[in-house]
Amino acid sequence: MIEIQNITKRYGAKLAVDNASFTIKKGEILGFLGRNGAGKSTTMNIITGYISATSGKVLLDGHEILEEPREVKRRIGYLPEMPPLYLDMTVDEYLRFVCSIKDVKPSYIKSHLDDITELIRITEVRHRLIKNLSKGYRQRVGMAQALVGNPDVVIMDEPTVGLDPKQIIEIRKLIKQLGEDHTIVLSSHILNEVADVCERVVIINQGKIVEENTLENLTHNISDSKRYMMRIIGTEREIYKALREIPGTLSVDEMGSKEAGSYDFLVTSDPQSDIRQAMFMQMAKANHPILMMKPMELELEDVFLQLTNDTGEVN
Amino acid sequence: MLAIWKREFQNYFLTPIGYVFTGMFLLLGGYFFTRYNLMSSSAYVSTVLGNLNTAFMLIVPILTMRLLSEEKRNRSDQLLITSPRSIWDIVLGKYFAACSVVLIATVLSLVYVVILATYSEAISFLPVLCNYLGFVLLSMCYVAIGVLMSSITESQVVAAVLTLGINLLLQLIDSTSSMWTLPSYLSFINVIVSWFSLYTRYSDFSAGILSIANVFYYLSFSGIMLFLAVRVIDRRRWSEG
């Protein structure tokens, strides 16, 4: 759907985006992940045509934004990090203005806005001045603006920044709902958000794309071991020895005692073997009851930290 | 363009800006009318418009200073630039909105002509029309300068001061060229300076002479200012600074 081909944006000596290439597939919710200042907003501003890249191309179904700006811009809705609102207008006036600059047919405006305000749940504030709305509502109005003209692609830059936890949950729910009919690109530095909402992730670090993959593959591929958190009754020394004897165990780390009479261990095994049954049998044989066995999934956070270490190199 | 014109025009009258401008304009116009027409028993509109022109130059930043600078500051330009509208649409929409307010104020000032026509037989309408045409065209140039200045900064105050400074400079150009005597091989400097003299052209309109060249000059002057404003905005998109 959208192909980003080798885009570079230079600000003086700094490369804000460095030869970035990735694709946005039709119908997906793509998470665009990176630390603050990694180049997320710059990339999104380039895709939407707000700024131009120093080099490289952005193609939407084969149309280039610089050559056919009108065609491409009509098909992209954009919610920048700071919603582009006119505070002295009412929500209704503002959305009508957006309709008129986005070529929505006058006869269609009323029903179109009824649908959008219903979907975004801002119908009750339609006649209020934007400057009197809370931040959560302003964000929603910004989102409504991005949906005007029914664009194929909706691009949102950090849509939940500065919202309270309840608003964050609501906005995420809304994004998932929008994802049913639109292709969505969502930038964020909040990992939970991406894990919760997105199907695929592009990770950017220091202007470079360091990963482009589905969430599942990402956490799976990068893990070269399986880890289990164990809580076992017995003496620390004996349990440690028994765990070490199990074939496939790579390491056993003592994690101290958190419950009277038991000890915690972090057991790491090679990814090919499943040592859970062997651990159970071994502990039963040695008369050390297992109180807890918890597989430790490699979290997106770990992946993210591995991919965006300070040197910017991919591990 | 129409959508942007409509929003800006409405905005002038949703906020106090439109009223402040029109009020100031008519207050000064009223003062000049009383002083130069009523108290001097004169039927010449040109005196009022000539003075009003200078006053207009000083109050035009009220109309233009926020046009583009505020969009940039509030990042609402992201909505406009990422919409299917071209930068020309944006600049022209805003320019014509400011011109429309000027036109309204100018039309309201026609009341002076009505009063003069009622109580004086000395007034002839064609020269008055010519005067008004010159006034509107010159005002449009000042507005265009304001739009350009508003495009180059995020600060409304800086935009206002720059507009004022440039307008004053253009006003002073005529007097500066007569300040010095240049050797003949440097006389081209005076010629170049006179290209930018908005006021010289106005004196023709003021005398009731309608010259197509002058009309064309004013329109092109505005056009060039707006072209530069478009270039400034477009350039910023490509900026690497």
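Small disclaimer: the values here were computed from a predicted structure and weren't measured. Excluded from the calculations below are hydrogen atoms, water molecules and symmetry mates; all remaining heavy atoms, backbone and side chain alike, are included. Residue numbers start from 1 in every chain, and the chains themselves are labelled A, B, ... in the order their sequence lines are given, proteins ahead of strands.
No donor-acceptor pair under 3.5 Å is formed between the side chain of B:R35 and the backbone N or O of B:V48. A donor-acceptor pair under 3.5 Å is absent between the side-chain atoms of A:R126 and the main chain of A:I122, judged by distance alone.
Here A:Y78 and A:Y50 keep their ring centres 6.0 angstrom or further from each other.
Among all heavy-atom pairs drawn from B:A229 and B:V91, the shortest one is CB-CG1, 4.3 Å.
Looking at B:D234, there are no atoms closer than 4.5 Å to chain A (heavy atoms on both sides), in backbone or side chain. Interface remark: A:E71 contributes no atoms to any contact with chain B (heavy atom separation under 4.5 Å). The contact between B:I4 and chain A is made by backbone and side chain atoms together, counting heavy-atom distances below 4.5 Å. When heavy atoms are compared at a cutoff of 4.5 Å, A:V98 approaches chain B solely by way of its side chain, counted from C-beta outward. B:S86 does not touch chain A: none of its heavy atoms, backbone or side chain, sits under 4.5 Å away. In this structure, the portion of A:L85 lying under 4.5 Å from any heavy atom of chain B is its backbone and not its side chain. B:E71 touches chain A through its side chain: at least one heavy atom from C-beta onward sits under 4.5 Å away, while N, CA, C and O do not.
Of the options B:F13, B:Y12, B:F25, a ring-ring contact (aromatic ring centres under 6.0 Å, His included) to B:Y19 is made by B:F13 and by none of the others.
Contacts with chain A were tallied for B:L80, B:L2, B:T15; B:L80 has the most, counting heavy-atom pairs under 4.5 Å.
Within the 4.5 Å cutoff, the side chain of A:L129 has no heavy atoms near those of the A:L87 side chain.
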